[in-house]
Every structure is written in structure tokens, then in C-alpha cells.
Amino acid sequence: MFHILEKRIAEAISARIQSLYAIEAPVQIEQPKQSSFGELALPAAFQLARQLKKAPKAIAAEIDAAGGAIEGVASMEIAGNGYLNVRLDRGAYGAGVVANAGAVSREVATKIIVEHTNINPNKAAHIGHLRNAVLGDTFVRMLRATGENVEVQNYIDNTGVQVADVVVGFQHLERKSIEEVRSMIHDPAARFDYVCWDVYARMSQYYDEHKDALEWRHATLHSIEAGHGIEAEMAHLVADAIVDAHIATMWRLNIAYDVLPRESEILHLQFWATAFEQLKQRKAIYFEIEGKNKGCWVMPGSAFREGSIEGDDDSKVIVRSNGTVTYVGKDIAYQLWKFGLLGKDFYYRKWHTYPNGHDVWASTDEPQTGAPQFGKGTRVYNVIDTRQSYLQDVVVAGLRALDYNTQADNSIHFNYEMVALSPRTCIEMGIELTEEDKRLPYVQVAGRKGIGVKADDLLDKLIEKALEEVTSRHKEEPEESRRRAATQIAIGALRYFMLKFTRNSVIAFDFAEALSFEGETGPYVQYSAVRARNILRKLAERGETLPDFQAWLQIPTPIGVAPKGTGEGAYPAPYPTDYPAPYPPAYPEAYNIMGRQLAHEDCWQLLLSASKAGSAIERAIASGEPAHLARYAFQLAQSYSNFYHEFPVLSETDLEKKAFLLWMTKYFIEQLEKTLSVLGIEVPEYM
RNA sequence: GCGCUCGUAGCUCAGUCUGGAUAGAGCGCUUCCCUCCGAAGGAAGAGGUCCCGCGUUCGAAUCGCGGCGAGCGCACCA
């Protein structure tokens, strides 16, 4: 509804400017600084002031005087130094919202790929990984909410150094046999991902003290690459088990995947060999015959770095002098596959079925039947830490060098800053800090040192605290039900916490802050939905039913776009004049009632805010900031709090008013729940 | 050294892309509000050199240049 008005007003004002000054200008629409200024602000006069050499205020006055009424607009006024502030016609707007005007659905044929999570399968997930997964998952939900077809990929580096190091740790430090590792995996109490966390940290420390131990790593990597030997077997065992652990952890947060492309198949199916041929043929890379990169295939720095001169100083090695490919090389091949440009595909096997019936598939090198089609996207978002910007630039440069410019343009590094730990939280966790560290704003997470907060631990802690809070308020409810509510609250708190910061802000993770359920938090937003639902529940308990407000307003069903303009049809003018309209409304009864009820500021602000859910999602996609949608949810909840305190709905004696307040409550719930579901947050039954 | 990002209230952050109205929110602090649709809430208040300087502009937190301070990158690791 809101975007219809925006468009209509922009067009009308644009036409006025055209006829007044013969200037073709796109009209910008802003939100006024204060709600008392109206609903829309047009800074058009400022832009024209320069061209016309006239005071903005005078121009605004001319534009204001230039035309007749705009449908849906109650008044316009000149404010500040030349703003045109627009007040909407509340009756018309309200009637339009009830009639569900402007609802659109669309079908798309193209596919968007979002790659996120991508955790090394060698230890438990930590809070840094959570930021990645929550950002990625929320962005996926945002895209899907607007009708996009989205495929979620989680890349598994199951053959890399990090997995190898855990294998080395099990063999040489822990002296564990394959059978012992297997039995740990099968014993849920052993918490295999936690075991690996410690083994990895210990092994990293051991390398620091015994450089010759690196031989073990090399031997293990060699075995993994060759695909046989006890090391390779254990590597697969470890990686597969940890992938399962990550899937389980993320599922706790309502995060699921469609496909797991694995590095092992990229190797075995020779993805790189195919990409290598393409890169050589197109001369995107060349064989270096001198300098420090002698004997390597390199991509010149000029390909991916602005202002770089040809020379080997900042060129990037793609194939090492020993003939093995670097990570970036493999990533170029993978990116080509995502766009369907490699001319090769994986085979797939079903990896896991989620409790809701959704399947996640994994790549395999053996032919299988019955798998869906993956890859072949038209746009690709890679949710990756901003520290890898340089490498992502190289990947995109690879596409460009192969003349895949459209795909290069559609390769988006959805970057974000890291999650660190606040010094206070480090101390709480028993991590030793120097005096210098204590004065820093944050301390970096380091998997090699075992410094970090495990995702499952954090979630458990949140659930425990939420359960205390829930129990203190609902002793009468059964344990299972309280635990369910506590879990939903914990997830709401965690997801909101990860989303409230914009992407390029470093999060200094702090337990006290993350465990807070007050103020700008997920639980605050959930609470407003719970309170609204309570009203409807109490209504039913009293034996009353929710009035059919649409029928009350004499708006015909089925829901459709309101007829514009003349109000022809079943509701002839003249309409009652207690809420005068500047033009004949589509639904006179609705127009009157809504106009009357929405005269209350808190009602109007809530309706307006709630009606913007759709455009909030679109704006957040446009800006690439899930944080903006989180903020919208919070503001909508705040708006409801004002409404809630102002209007005791159930005790209202005026029937029209009560019907309106109940409808308002229901509409708010619908819009907030829609927004929360895009944020991946559920609303508990009670809290 | 080069590149990227950041510097806004005591703290944590929005706002900067696209310049415009008295610079916002949450936390913390000070005072209030439960005969209840559960206060995980609400009302009110104190709190700002938008890092500094110069420039562009009718107008700069926002754009440009130069400083200062902080972080992150710049492997034949991933």
C-alpha cells in the first residue's frame, strides 16, 4: 500500500515540475525527521534551487500551488527551508490496507545462489561462524520473501590443512586408532566436535614448538589427496562427522542448506583441470619464468588490482611450482561451476533429511540418480569474512579474464566484519590476557589457540537463562512447554544480536550484552507479538469472536486491489461528511470508519509502520543490510507498545472502536510475524 | 610501504552511498507508572567539538584534500 502512494505522489509531483519548469526530474521521497511533519517529505525544491536560481522555499510554494488534489493525500505543506511535507489521507490509506491493495506475487525463472557458513569441518562452530550463517540465512529469507528462487550452498573444505591437523593430532598426540575415533563419533556424550576443538588447539601448539612435526601434516595431506591410506580414511571420518555436527548446530538456529559442494569432489572430478585449460587458453594466467614466482602459473596483479603495473610483485600464484593448485584456483573453478560455466557437474547423494522434511544433498564422485539440479545460478552471493576481500577480487578477476563479464558483475562478495571477544568476556571464560590486551576494545577469536565461544555453548547458556525467566513467570506450565518457549526466546535473542549490527561493524562479543533480553533485542520484539496474541486469546476465552472487519467496513471479498477514483459500484456518493474526503473514496464506509479511528496518533503510527513490512524487506535487500530489517522489526514493536499502553482493547465499549482495535491487533501480528519469519525468529506461545 | 575499513552521547551502535528541518536508538544513570489485555513493558529527565584542519556548497556527521588515531588485508596457507 505504502509504495503505491509513494509512486503516485512522485509521479504527480514530477508532472507538476515538468509543467512548471519544463524540467524532467526524478522525485525523491524521504521519511520526515519527525512523525509530526507528516508521512512523506519531498526535498525536490532543493534540487531545483540550483538550476532555477531561486529560493527553495519559493519553489516549494509553486509546486504546492500547481495542482489539484492527489488521490490518497490529505494535505501538503511547506516546511523548513523548502521541504514539501505530505500528509496522507488516513481514511483512504486505512481502507486500502484492509482491502489489501497493492498485494503482488511474482514468479521468477532465474536462480540466485547464496553460499554461506563454509566452516572448516575440523571442530565445533563458534560465534564467528554464527554471524556468517545468520547473515546468510537471513539474506536468503529476505530474497525468498520477495519471490526469488534461492539455492543455499555450504562449501565443505574436507581435504584441507585444518582437517589434516586434527587427523595428525588424533594419530600422533592422542594415539587414537580409527576404531577409537569412530566410537567417539557414535557416542553422543563424547561431543566429538568439542573433542576436535581441543585436539586442533593442542596440535597447533605442538607445531609451534616442534617444527619438524609439520612433516606429519604433509604426509597426511598427501594421503588425503591420493585418496587412500589410514590418514585419508580418518580425514573423511572426521570431516563427515563434523559436517553433521555443524548441520545440527545450525538447525537449532533454523538454518538449513540445499547442497554441500565438497572440496574432495572438486579434486576427484578434476574441476580444476577444466578451469585450468580455460584460463590458459584465454591467457588469463601465464607461466612465470623468472623472479620469486618462477615456475608458477600466475594471474597478473593488473587483473584484479587497480593501478597495478605488470610485474611479479603483486601477481597471484594460481598453480604452485610443484604443480598443485592454490585455494584461489579451486575457488575460480567452483565459481565457474556456480554459474554453469565449467561444463562439468558433481554427482549428488542425499546427505541428511531435516525434521521438517527438507533434504540437503552433498556432492559425490559416483554417478547417482534422482538428485535435483544444482548450480547454474544467474547471481551468486558469497557470504565471506571481509578479510578475504582480496581473494574474492582475484576470483572475480578470473571470471572477467575469461570474458564472463556479466557473471563477474553478478558475483557479489557479501562481506562482513569479524566477531571478536570483549576483554571482559575473555576474563569470564578464563582466557589469560596481558595488561595490554585488557585495554583493547576486543580480542580476536583464534581457533588455533582454542580462543572462542562455541555456538552450542552460547545457545545452551541463552536457553538456560531464558528458561529461568520463563519459569519465574509461568510456574504452572509443564517443563517441556517452558523449554520450548525458552528455546525460541534464546534463538530470537541470538539471531537478533547477530543481525542488529551492520555488516562492516566489528562485533565485540560480550556475554552480558548477548544475554540481555531487554531493549533492542529479539525478545523485546517477540514480547510485543506475544502481548498482541494474548489479547486475541483472551477474547476467545471470554467467548467473543473476532469481528469480520472487512465485512464491517463493507469491503467486498475476495480481497483485491481497490478500484481507483470515482467510487462507482455498490457504494454511491454522497458519503457521510464527518470525515470529509477531497475526492470520492472507493469504499465510503471503510473510508469513514478508518478515518475516524486513525485520527488517534498511536493507531495511525502503528498502522503506517505495520503496512511498511514489505517495503522494509525490499529496502533491506537493496542496501544489502539485514540489520535494516531487524531495526524495522524493533521499531514496529515499539510502535505497538505505544498502542498497547494507550488502548485497552478488550474493555473498549464502543463497538466500532473495539472492532477496529481488534483488527489493528490482528494486522500488527500478521505483519510482525511475517517480518520475524524473515529474520528466522519464531514467536513463543507465552513468555 | 601499499590497499581496504572505521572514528557520532559514559558504553554499544544507527544515520554517511543519494548533502538539507532541533543529530537518533538501546544500555547505563535520575525520577515516576502494575485495582494488569503479564512491567522481558511504558512516561519523563540529564547526557554530543558527529576525531582535527582546510576546501566545495545557499547549506556538510554526510562530498574532496591533508593530518591524527584504531582495525584488517597485501603467502607457492585455506
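Naming convention: chains lettered A, B, ... in sequence-line order (proteins, then strands); numbering from 1 in each chain.
Nearest-nucleotide positions on RNA chain B for Q638(A) and E625(A) put E625(A) closer to the 5' end. Each of C296(A) and E518(A) was assigned the nucleotide of RNA chain B with the nearest heavy atom; the assignment lying further toward the 5' end belongs to E518(A).
Remark: Y524(A) is in phosphate contact with G42(B), judged by side-chain N or O atoms under 4.0 Å from OP1 or OP2. The side chain of N642(A) places no N or O atom within less than 4.0 Å of a non-bridging phosphate oxygen (OP1 or OP2) of G41(B). Note on N293(A): a side-chain N or O is less than 4.0 Å away from OP1 or OP2 of C76(B). A close approach under 4.0 Å does occur between a side-chain nitrogen or oxygen of N504(A) and OP1 or OP2 of C6(B). Of the side-chain N and O atoms in K500(A), none sit less than 4.0 angstrom from OP1 or OP2 of A25(B). Put simply, N534(A) has a side-chain N or O that comes within less than 4.0 Å of OP1 or OP2 on G38(B). Applying the 4.0 Å criterion to OP1 and OP2 of G15(B), one finds that H628(A) has a side-chain N or O inside that range. Listed pair R531(A) / G38(B) fails the phosphate criterion, with no side-chain N or O lying under 4.0 Å from OP1 or OP2.
Using a 5.5 Å limit on the distance between ring centres and a 30° limit on the angle between planes, the aromatic ring of Y527(A) does not count as stacked on the six-membered base ring of G41(B). A distance cut-off of 5.5 Å between ring centres, combined with a plane angle under 30°, places Y83(A) in a stacking arrangement with the base of A21(B).
A side-chain N or O of D165(A) and one of Y207(A) form a donor-acceptor pair less than 3.5 Å apart. Checked by atom type, the side-chain pair N154(A)/E115(A) shows no donor-acceptor distance below 3.5 Å. At a cut-off of 3.5 Å, with distance as the only test, a side-chain donor of T425(A) or S422(A) sits close to an acceptor on the other residue. In the model, Q153(A) has a side-chain atom that pairs as donor or acceptor with a side-chain atom of Y334(A) under 3.5 Å. Using a 3.5 Å distance cut-off with no hydrogens or angles, the side chains of N534(A) and R531(A) do not pair a donor with an acceptor. With hydrogens and angles left out, the side-chain atoms of H246(A) and K123(A) include no donor and acceptor closer than 3.5 Å. For S641(A) and Y524(A), the side-chain atoms include at least one donor-acceptor pair closer than 3.5 Å.
Across all strands, F634(A) comes closer than 4.0 Å only to sugar-phosphate atoms, never to a base (heavy-atom distances). Within 4.0 Å of Q444(A), counting heavy atoms only, lie sugar-phosphate atoms of the nucleic acid but no base atom. Base contact: F46(A) has a heavy atom under 4.0 Å from a base atom. When heavy atoms are screened at a 4.0 angstrom cut-off, V470(A) is found touching base atoms of the nucleic acid. Among the protein residues, V649(A) comes within range of the nucleic acid bases, having at least one heavy atom under 4.0 Å from a base atom. Counting any heavy atom pair closer than 4.0 Å across all strands shown, A55(A) reaches no nucleic acid atom. At a threshold of 4.0 angstrom between heavy atoms, the contacts of I489(A) include nucleobase atoms, whether or not backbone atoms are also involved.
A straight line from NZ of K658(A) to P of C37(B) spans 12 Å, rounded to a whole angstrom. Look at OH on Y686(A): it is 21 Å from P on C37(B), rounded to the nearest Å. Whole-Å rounding puts the F497(A) CZ to G26(B) P distance at 17 Å. Whole-Å rounding puts the I507(A) CD1 to C13(B) P distance at 9 Å.
For the C1' atom pair drawn from U18(B) and C54(B), the interatomic distance equals 25 Å after rounding to whole Å. Rounded to whole Å, the separation between the C1' atoms of G69(B) and C33(B) comes to 45 Å. Here, A60(B) and U16(B) have their C1' atoms 11 Å apart, quoted to the whole Å. U62(B) and G45(B) have their C1' atoms separated by 30 Å, given to the nearest Å. C76(B) and G71(B) have their C1' atoms separated by 28 Å, given to the nearest Å. When the P atom is compared between C50(B) and A9(B), the two are found 10 Å apart, to the nearest whole Å. Between C74(B) and G42(B), the distance separating the two P atoms is 45 Å to the nearest Å. Taking atom P on both G7(B) and C51(B), the two are 7 Å apart, rounded to the nearest angstrom.
For a distance-only test at 3.5 Å, the side chain of S389(A) fails to qualify as a donor-acceptor partner of the base of C4(B). Counting distance only, with no hydrogens placed and no angle test, the side-chain atoms of R631(A) and the base atoms of A25(B) include no donor-acceptor pair under 3.5 Å. Residue D331(A) places no side-chain atom within donor-acceptor reach of the base of A78(B), judged by atom type and a 3.5 Å distance cut-off alone.
In a base pair of the Watson-Crick type (N1 to N3 plus N6-O4 or O6-N4) or a G-U wobble (N1-O2 and O6-N3), with each distance short of 3.5 Å, G48(B) is matched with no nucleotide. A 3.5 Å limit on both hydrogen-bonding distances identifies G3(B) as the Watson-Crick or G-U partner of C72(B). The partner of C37(B) cannot be assigned: no Watson-Crick or G-U wobble pair with both contacts below 3.5 Å exists in any strand. Summarising the base pairing, G24(B) is matched to C13(B) through a Watson-Crick or G-U wobble pair whose two defining distances lie under 3.5 Å. Base-pair partner of C65(B): G53(B) (Watson-Crick or G-U wobble, both distances under 3.5 Å).
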Q | Chi angles and distances behind the side-chain contact (heavy atoms from CB on, under 4.5 Å) call for L40(A), N85(A) | A | CA-CA 6 Å; L40(A) 302 166; N85(A) 287 340; over 6 Å; no

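Comparing atom distances between the F501(A) side chain and each of U12(B), G41(B), C37(B) picks out U12(B) as nearest.
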